[in-house]
Amino acid sequence: EIIVEDVYKFQFKEGDMVWLSNLCFDSKIVAEFMCDLVKSYKDISLISYRPIKCDGFRHRVKTYKLPASWMPEQPFFVYE
């Protein structure tokens, strides 16, 4: 099920997969938000255009470079 919602109003739960299309937002706010999610939910997955740099959780982040319409090797940061 895909849900489009205001991130500040959304009720996250264990098992959620969150795609963060986050290049247009303040990088500090995005970083804090991602770290809050991984610290609050043991079983959550994140996909981000920005690196996911949460102390104590970096071992769970993988980087993939995949083709996108705007560049041949767009980095995607995935927390699982």
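FYI, the numbering just counts along the sequence from 1. All figures in this text were calculated on a predicted structure; none of them were measured in a lab.
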Might you work through the side-chain contact (heavy atoms from CB on, under 4.5 Å) test for Asp26 and Phe33, ending with a clear yes or no?
CA-CA 11 Å; Asp26 180 271; Phe33 176 74; over 6 Å; no
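Remark: the backbone N or O of Val18 is not paired with any side-chain donor or acceptor of Asp16 at under 3.5 angstrom. Although no hydrogens or angles enter the test, the distance criterion places a donor-acceptor pair under 3.5 Å between the side chain of Arg50 and the main chain of Asn22.
Arg60 approaches Glu80 most closely through the heavy-atom pair NE-O, 2.6 Å. Annotation for Ser48 and Met34: closest pair OG-SD, 3.7 Å, computed over non-hydrogen atoms. Across every non-hydrogen atom of Cys35 and Lys53, the tightest pair is SG-O, 3.9 Å. Across every non-hydrogen atom of Leu20 and Leu46, the tightest pair is CD1-CD2, 4.3 Å. The shortest heavy-atom contact between Gln74 and Phe76 is O-CD1, 3.3 Å.
Going from atom OG of Ser27 over to atom CD1 of Ile29 covers 9.0 Å, rounded to the nearest 0.5 Å. Atom CG in Asp43 sits 11.0 Å away from atom NZ in Lys13 (nearest 0.5 Å).
Taking the six-membered ring for Trp and the full ring otherwise, the centers of Phe77 and Tyr49 sit at least 6.0 Å from each other.
Counting heavy atoms of neighbouring residues, nucleotides and ligands inside a 6.0 Å radius, atom CZ of Phe10 exceeds 12 of them.
Under the 4.5 Å side-chain heavy-atom criterion for Ile, Leu, Val, Met, Phe, Trp and Tyr, Ile52 and Leu23 are members of distinct hydrophobic clusters. The same ILVMFWY cluster, assembled from side-chain heavy atoms under 4.5 Å apart, contains both Tyr79 and Phe25. Residues Leu37 and Met17 do not share a hydrophobic cluster, defined by chaining ILVMFWY side chains whose heavy atoms lie under 4.5 Å apart. Both Val30 and Tyr41 are members of a single hydrophobic cluster when ILVMFWY side chains are connected at heavy-atom separations under 4.5 Å. In the hydrophobic clustering of ILVMFWY residues, with side-chain heavy atoms under 4.5 Å counting as a link, Trp19 and Met71 come out together.
A salt bridge links Arg58 and Asp55; the closest N-O separation between the charged side-chain nitrogens and carboxylate oxygens is under 4.0 Å.
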